[in-house]
Every structure is written in C-alpha cells, then in structure tokens.
Novice: 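For reference, the structure I am asking about is given below.
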Amino acid sequence: MDRTTMPLTRAQRVLAAVGGVFFAGLAGLGGYGSFASVRDVAEPWFGDEAWIVPAGVDLGILALVSVALLLEWLAMPMPALRWMAFAFTAATVWLNVSAAHGDVTGMVMHAAMPVLFITFIEAVRHAIRRRAGIAAGTVREGVPVARWLLAPFSTFRLWRRMVLWQITSYPDALQAEQRRRHAHALLDDHYGRKWKSKAPADVVWMLKDGVMLDQALTRVTTLTAPPEPEPEPTPAPTPTPAPPKQKKASVPRSVATDNEARALAIIDAEPGITGAELGRRLNISSRQGQRLLSRLSSPAPTS
C-alpha cells in the first residue's frame with residue numbers, strides 16, 4: 001500500500017515557525033541562565049577558562065540534538081545520540097542544581113529550563129519520526145484502547161501478529177483478522193471441531209500465524225466447496241424406424257394347384273358363378289377370383 005504524508009498546510013507551517021522561534025528563545029535563555037551557574041561551579045577546576053565548560057556542554061547538546069533529528073528525518077535513527085544528549089542535559093541540570101547549594105526553590109528554577117528544552121526536542125523528534133515512518137511504511141499504528149478493553153485476548157493476538165509480521169496499518173490488520181476467522185468458520189463447518197487435525201498442515205499453519213491469508217482463504221474455499229454434480233449422460237437419439245415398404249400387390253401368373261382344383265370343382269358345379277363369389281369361397285381377393293375364373297373358363301389353345 002502506498003503510504004504518503006500530506007504536505008503541511010499554511011497554518012501548520014506558521015505554527016511550526018512560531019514554535020521554532022519560541023524554542024530558539026528557550027534555548028538562548030536556558031543557556032544564558034545556566035552559563036553563569038555552571039561557570040561558577042567549574043571555576044575551582046578551570047580557573048579563567050571555566051566558561052568553556054557551560055559553552056561546550058550547551059553546544060554539545062545542540063549538536064547532538066540536531067544530528068539526532070536529522071537522522072530521524074532520514075529514517076536512520078541512532079538512539080545513542082539521543083541518550084548522549086540526555087546525559088549532557090542531565091549533567092547541565094546537575095551542575096545548575098549544585099549552584100543552588102541545597103535550596104529547593106533554586107534547584108527547581110535551575111532545572112526548569114533544561115527540562116523544557118528536552119521536552120520540546122522530544123516533541124519535535126516524535127513528529128519527525130512519525131512523518132518519516134509513515135512515508136516509509138515503518139510506523140505501526142496503535143490499537144484503540146476500546147478494543148483492548150472489550151476483547152483483550154483476541155486484541156493481544158492481533159497486536160502480536162502486527163508486530164511479528166510488520167503490519168503497520170490497523171485497518172489492514174482488522175481485514176486480515178476477518179479473513180482468518182472466515183476461513184476458520186468454513187473449515188469448522190466442513191471438517192467439524194477437530195478441523196486442525198483434518199485440514200492440510202500448510203493451511204493450518206497459515207491461519208494460525210496469520211500469514212499468506214489470501215492464499216490460505218483461496219485454499220480453504222477450494223477445500224470446502226461442495227462437489228459439483230456429475231452431468232447426466234445424454235441418451236442416444238432413438239432412430240426413427242423407416243416405414244415398412246408396402247409390397248405391391250402382384251397378380252400371380254398361375255394359381256396354386258390346390259386353389260385351381262377347388263376352383264375347377266366350383267366352376268363345374270356352378271357354371272354361372274361370378275369372380276367375386278369365387279374369390280370369397282377361395283379366401284382370395286375378388287380381383288384374383290375374377291382372373292382365376294377367366295383363365296380357367298377360357299378354352300385351352302389347340303396345338
């Protein structure tokens with residue numbers, strides 16, 4: 001995800017400039033106020049060169065703070081510089097407090113300006129580090145307090161995954177947690193409560209540690225998808241039977257011997273019988289009976 005910082009508005013730049021002027025005034029007044037006190041404390045050891053001690057300490061603090069802020073801006077923080085600046089500031093506070101000779105009011109007044117100076121520097125450092133980290137994608141967003149109160153255990157696991165896997169965006173972490181729980185629900189519905197012992201080991205690992213969740217959810221969706229019904233075989237088309245060929249009624253050239261004998265007997269007994277009646281008695285068609293009658297009634301050719 002592309003993470004960029006919005007440029008400062010005009011009002012923000014003006015406010016930053018005013019804060020810089022106040023900081024410069026605070027640093028000047030603090031240095032001037034502690035200069036004499038630290039010089040007096042260092043005079044027994046340095047004599048006329050005692051002014052080198054407060055000047056060197058104050059300039060060292062400013063140098064360390066400036067380089068530390070620059071490195072924070074470049075996303076290359078060096079904690080040793082910060083702690084060294086704190087050590088020099090603590091030394092300045094101690095020297096100023098020593099100049100008060102045990103008077104509580106004097107000690108508080110001597111320590112007030114160095115403490116304000118360090119507080120301001122830390123505020124500037126926090127702002128620079130935050131903007132540089134957001135631009136580089138290395139600053140991890142915090143988890144809201146309300147979630148810690150409402151679901152402390154699951155929130156701790158969510159925060160732990162953010163730290164382990166460098167998830168810097170809280171909304172991204174929530175979305176990943178939703179996908180993880182969705183996969184849990186699918187596996188629980190498909191395999192039952194003991195799905196961890198039945199599901200593939202790599203899927204269980206990805207869901208447990210909250211890594212590669214896109215791939216894990218794809219695998220889970222494939223594993224728990226209902227099987228597709230097998231397509232029913234398409235019956236082969238039944239061939240339409242060809243209509244039976246009608247046999248042409250053919251007129252026999254001769255009549256069977258038994259029919260001829262019967263026909264001759266009927267014709268001899270009833271010379272005036274018709275062809276239709278002859279066909280009826282012989283169980284043949286009227287037309288065939290007529291032809292048989294004609295052929296048998298005609299005189300035989302002479303040789």
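Just so you know, residue 1 is the first one in the sequence shown, and it goes up from there. Hydrogens, waters and symmetry mates play no part in the numbers below; they use all other heavy atoms, side chains included. Keep in mind that what you see is a predicted model, and the values were worked out from it rather than measured.
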Novice: Do the side chains of L158 and V163 join up, straight or via other hydrophobic residues, at under 4.5 Å, putting them in one cluster?
Specialist: yes
Novice: Going through the distances and angles, do M206 and L213 end up as a side-chain contact (heavy atoms from CB on, under 4.5 Å)?
Specialist: CA-CA 7 Å; M206 287 187 284; L213 290 178; 5.6 Å; no
Novice: Flag the pair V57 / V38 as yes when at least one side-chain heavy-atom distance between them is below 4.5 Å, and no otherwise.
Specialist: no
Novice: To the nearest 0.5 Å, how far apart are CH2 in W159 and CG in L164?
Specialist: 8.5 Å
Novice: Quick one: ring pair (Phe, Tyr, Trp, His ring centres under 6.0 Å) pairs with a partner in residues 195-219, sequence neighbours left out?
Specialist: H184-W195
Novice: Show your reasoning for whether side-chain contact (heavy atoms from CB on, under 4.5 Å) applies to L187 and L207.
Specialist: CA-CA 11 Å; L187 291 173; L207 295 178; 3.6 Å; yes
Novice: Does the distance from a Lys or Arg side-chain N to an Asp or Glu carboxylate O, for R181 and E177, drop under 4.0 Å?
Specialist: yes
Novice: Check whether any side-chain heavy atom of R160 lies under 4.5 Å from a side-chain heavy atom of W165, and answer yes or no.
Specialist: no
Novice: I want to check something: taking the side chain as every heavy atom from C-beta on, are Y191 and L223 in contact at a cut-off of under 4.5 Å?
Specialist: yes
Novice: Would you indicate whether the side-chain heavy atoms of F156 and W148 approach each other to under 4.5 Å?
Specialist: yes
Novice: Please examine the side chains of D189 and T224, heavy atoms only from C-beta on, and report whether any two atoms are closer than 4.5 Å.
Specialist: no
Novice: Nearest 0.5 Å please: distance from the CG atom of L74 over to the CG atom of L69.
Specialist: 11.0 Å
Novice: Find out if a path of hydrophobic residues (ILVMFWY) with successive side-chain heavy-atom gaps under 4.5 Å connects M76 to L81.
Specialist: yes
Novice: Between T155 (side chain) and R147 (backbone), is there a donor-acceptor pair under 3.5 Å?
Specialist: yes
Novice: Taking F120 as the starting point, is it possible to reach W83 by hopping between hydrophobic residues whose side chains are less than 4.5 Å apart?
Specialist: yes
Novice: If every non-hydrogen atom of V65 is compared with every non-hydrogen atom of A85, which pair is closest and at what distance?
Specialist: CG2-CB, 4.0 Å
Novice: Say whether L59 and V53 are linked into one hydrophobic cluster, either directly or through other cluster members, by side-chain heavy-atom distances under 4.5 angstrom.
Specialist: no
Novice: Just how far is it from atom NE2 of H182 to atom CD of Q178, taken to the nearest 0.5 Å?
Specialist: 11.0 Å
Novice: With salt bridge (Lys or Arg N to Asp or Glu O under 4.0 Å) as the rule and sequence neighbours excluded, what pairs involving residues 200-222 come up?
Specialist: R179-D214, D202-R219
Novice: Could you measure the distance from the CD1 atom of I284 to the CD atom of Q290? Nearest 0.5 Å is fine.
Specialist: 10.5 Å
Novice: Can you tell if the side chain of F46 reaches within under 4.5 Å of the side chain of W51, non-hydrogen atoms only?
Specialist: no
Novice: So do the side chains of P171 and E141 get within less than 4.5 Å of each other, counting heavy atoms only?
Specialist: yes
Novice: With a 4.5 Å cut-off on side-chain heavy-atom distances among I, L, V, M, F, W and Y, is there a chain of contacts connecting I121 to M78?
Specialist: yes
Novice: So do R161 and R180 actually touch side chain to side chain, heavy atoms under 4.5 Å?
Specialist: yes
Novice: Where the side chain of Q215 meets the backbone of M212, is there a donor-acceptor pair that is under 3.5 Å apart?
Specialist: no
Novice: Identify the heavy atoms of V220 and A183 that sit nearest to each other, and give their distance.
Specialist: CG1-O, 3.9 Å
